Trainee: 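Just dropping this structure here.
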There are 2 protein chains.
Amino acid sequence: MPRTGRPREYDRDAALRAATHLFWEHGFDAVSLEQLLKAMGGLSKASFYAAFKSKEQLYRDAVAYYLVEHGRVSDDLVNPALPPRKRLEVALRRTAAMQCDPSHPSGCLIGLSAMTAATGGLNALTADERARNRALIGQCVREALASGELKPGVEPDGVAALLDGLLLGISIMARDGVPRDTIDAAISSGFSDWRSDL
Amino acid sequence: MPRTGRPREYDRDAALRAATHLFWEHGFDAVSLEQLLKAMGGLSKASFYAAFKSKEQLYRDAVAYYLVEHGRVSDDLVNPALPPRKRLEVALRRTAAMQCDPSHPSGCLIGLSAMTAATGGLNALTADERARNRALIGQCVREALASGELKPGVEPDGVAALLDGLLLGISIMARDGVPRDTIDAAISSGFSDWRSDL
DNA sequence: TCCCTTTTAGAATAGGCGGTCTACAAGTCG
DNA sequence: CGACTTGTAGACCGCCTATTCTAAAAGGGA
């Protein structure tokens with residue numbers, strides 16, 4: 001952006017990525033500014049505050065970055081090209097794959113922040129996102145009920161809550177090192193109320 | 001225990017309970033000693049260190065207290081008087097009831113600590129407990145497979161992981177205020193691979 | 001070249017942290 | 001009544017926290 005002035009000596013995007021990984025791994029409270037500075041390329045405190053304003057603002061930016069960079073795995077929940085079941089299953093499987101990817105911290109930043117970031121309105125940031133996902137899952141299931149994709153007689157609210165709970169639980173399982181195959185098997189078992197034909 | 005000396009002015013058990021609730025609500029890192037002292041009855045720092053040794057030791061005591069006082073809801077996983085399915089279902093339903101009880105923080109201290117308490121060996125404390133539960137669930141499912149309680153052709157590892165994931169996810173759902181009825185419906189849906197007769 | 005803008009390093013600040021120390025208070029026991 | 005034991009109040013410690021300030025440095029534009 002700036003056309004004049006001394007150029008910065010670090011890569012801002014790389015710094016934000018590193019900060020995101022740190023928050024993802026440990027949560028807002030448990031990460032100190034010192035850790036952040038070192039991980040973000042060794043910039044000085046002055047540089048940090050000039051570029052990122054504050055630790056809290058950095059966290060907000062990190063959540064936004066996470067949603068764009070890793071949270072897209074659940075975008076298929078609203079993919080109009082897929083029938084409801086596929087929307088749900090693809091979202092779950094892509095989520096599992098992402099959360100088990102060893103190239104970044106395991107689990108989901110949004111889900112794991114349910115306890116962390118208690119101070120200020122930071123918790124609402126991730127809670128809103130979880131509520132949004134919950135609503136989308138409910139919508140898929142309701143559509144599936146109407147279109148006959150669900151086996152007759154099943155309770156749609158229960159199915160939706162089961163898949164929501166599983167999706168959230170995957171974060172903790174991935175954190176605990178449960179292998180992806182096992183999580184994928186769990187997802188398969190989560191769809192036994194659905195017709196595989198059709 | 002001490003038969004002599006000045007009697008303490010606070011209730012040690014009540015103090016431990018209050019501390020447990022604080023850790024339960026916010027996690028180890030996010031709770032300060034000052035907060036603890038106030039919640040534990042307004043005792044002084046000297047009294048605190050005399051009775052509880054350190055913040056970290058208090059956390060360990062709090063986890064132990066939690067397991068005895070609230071963690072017993074999953075004891076039925078090893079109840080020899082129940083068939084495997086009942087063991088699992090009772091444990092899940094009692095867990096849901098406990099975690100939605102408004103008389104204490106919502107969710108499960110053990111599950112929600114997957115991210116918190118990163119420092120030292122504190123994380124292992126709760127991770128071990130989660131691994132133990134995971135093993136018990138697997139054992140129930142394997143027994144059920146052998147005894148024919150599971151519908152033929154289902155994948156036992158998937159069923160076990162599904163129930164494990166749901167159990168963990170309940171913590172976050174409860175945290176987010178999902179009502180107990182909804183969680184109970186999720187549990188019901190989680191058993192559709194099982195024979196209800198027999 | 002000199003100015004202007006932006007970033008830099010590093011010192012400084014103010015407050016919070018977990019934890020300790022000292023002096024005193026409140027009981028029991030002989 | 002002392003002697004002893006235990007708990008309490010509050011000052012104190014050193015460290016770490018997030019944040020700000022000062023002064024120098026590194027580029028572009030004219």
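In what follows, chains carry the letters A, B, and so on, assigned in the order in which the sequence lines appear, proteins first and then strands, with residues in each chain numbered from 1. Not measured: the values here are computed from a predicted model. Quick note: numbers below take in every heavy atom, side chains included, and nothing from hydrogens, waters or symmetry partners.
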Trainee: Write down the distance between CZ (R8(B)) and P (dT5(D)), rounded to a whole number of angstrom.
Mentor: 18 Å
Trainee: Give the minimum heavy-atom separation between A114(A) and N123(A), together with the two atoms involved.
Mentor: O-OD1, 3.9 Å
Trainee: So does S44(A) get a side-chain nitrogen or oxygen closer than 4.0 Å to the phosphate oxygens (OP1/OP2) of dA9(C)?
Mentor: yes
Trainee: What residues form a side chain to side chain contact (heavy atoms under 4.5 Å, CB included) with D181(B), not counting sequence neighbours?
Mentor: none
Trainee: Closest approach of A18(B) and M40(B), non-hydrogen atoms and distance?
Mentor: CB-CA, 4.3 Å
Trainee: List the residues meeting side chain to side chain contact (heavy atoms under 4.5 Å, CB included) with A14(B), not counting sequence neighbours, and say none if there are none.
Mentor: D11(B), R17(B)
Trainee: Please report the distance, rounded to the nearest Å, between CZ in F52(A) and P in dT7(C).
Mentor: 11 Å
Trainee: Side chain to side chain contact (heavy atoms under 4.5 Å, CB included) with D101(B): which residues, sequence neighbours excluded?
Mentor: S103(B), H104(B)
Trainee: Return the set of residues passing ring-ring contact (aromatic ring centres under 6.0 Å, His included) with F52(A) (not counting sequence neighbours), or none when no residue passes.
Mentor: F48(A)
Trainee: For V31(A) and Q35(A), work out which heavy atoms get closest and say how close.
Mentor: CA-OE1, 3.7 Å
Trainee: Show me the pairs that pass side-chain hydrogen bond (donor to acceptor under 3.5 Å, both in side chains) and involve residues 38-50 of chain B, at least two apart or across chains.
Mentor: S44(B)-S47(B)
Trainee: Heavy atoms only: give me the nearest A15(A)-Y10(A) pair and the separation to one decimal.
Mentor: CB-CD1, 4.2 Å
Trainee: Check E129(A) against I110(A) and note the closest heavy-atom contact, atom names and distance.
Mentor: CB-CG2, 3.8 Å
Trainee: Tell me which residues in residues 12-22 of chain B lie within less than 4.0 Å of DNA chain D, going by non-hydrogen atoms.
Mentor: none
Trainee: Protein within reach of the bases, or only the backbone? For nucleotides 12-19 of chain D, mark each nucleotide 5' to 3' as B, S or -, using heavy atoms under 4.0 Å.
Mentor: -----SBB
Trainee: For nucleotides 22-26 of chain C, tabulate all protein N/O to nucleotide N/O atom pairs closer than 3.5 Å, reporting atom names and distance.
Mentor:
from    : atom 1 : to    : atom 2 : distance (Å)
dA25(C) : N3     : R6(B) : NH1    : 3.2
dA26(C) : O4'    : R6(B) : NE     : 3.4

Trainee: To the nearest Å, how far apart are Q57(B) CD and dG18(C) C1'?
Mentor: 15 Å
Trainee: To the nearest Å, how far apart are M40(A) CE and dT7(C) P?
Mentor: 14 Å
Trainee: Could you pull out every donor-acceptor pair under 3.5 Å between side chains of residues 160-179 of chain A and any protein atom, sequence neighbours left out?
Mentor:
from    : atom 1 : to      : atom 2 : distance (Å)
D164(A) : OD2    : R134(A) : NH1    : 3.0
S171(A) : OG     : Q99(A)  : OE1    : 3.4
S171(A) : OG     : C108(A) : N      : 3.1
R175(A) : NE     : S106(A) : O      : 3.2
R175(A) : NH1    : E25(A)  : O      : 3.2
R175(A) : NH2    : W24(A)  : O      : 2.9
R175(A) : NH2    : S106(A) : O      : 3.1
D176(A) : OD1    : R130(B) : NE     : 3.2
D176(A) : OD1    : R130(B) : NH2    : 2.8
D176(A) : OD2    : R130(B) : NE     : 2.7
D176(A) : OD2    : R134(B) : NH2    : 3.0

Trainee: Over its full length, what angle do the end axes of the helix from dT1(C)-dA30(D) to dG30(C)-dC1(D) make, each axis taken from five pairs and the result rounded to 10 degrees?
Mentor: 10°
Trainee: Take atom OH of Y10(A) and atom P of dT6(C), then tell me their distance rounded to the nearest Å.
Mentor: 14 Å
Trainee: Between side-chain atoms of residues 74-87 of chain A and protein atoms elsewhere (two or more places apart, or another chain), which donor-acceptor pairs fall under 3.5 Å?
Mentor:
from   : atom 1 : to      : atom 2 : distance (Å)
S74(A) : OG     : G71(A)  : O      : 3.2
D76(A) : OD1    : N79(A)  : ND2    : 3.0
D76(A) : OD2    : R94(A)  : NH1    : 2.7
N79(A) : OD1    : A81(A)  : N      : 2.8
R85(A) : NE     : E89(A)  : OE1    : 3.1
R85(A) : NH2    : E89(A)  : OE1    : 2.9
R87(A) : NE     : L77(A)  : O      : 3.0
R87(A) : NH1    : L82(A)  : O      : 3.1
R87(A) : NH2    : E143(A) : OE1    : 3.1
R87(A) : NH2    : E143(A) : OE2    : 3.0

Trainee: Please report, rounded to the nearest Å, how far the P atom of dC17(C) is from the NZ atom of K38(B).
Mentor: 11 Å
Trainee: For V154(A), what residues pass the side chain to side chain contact (heavy atoms under 4.5 Å, CB included) criterion, not counting sequence neighbours?
Mentor: L150(A), K151(A), V159(A), D193(A)
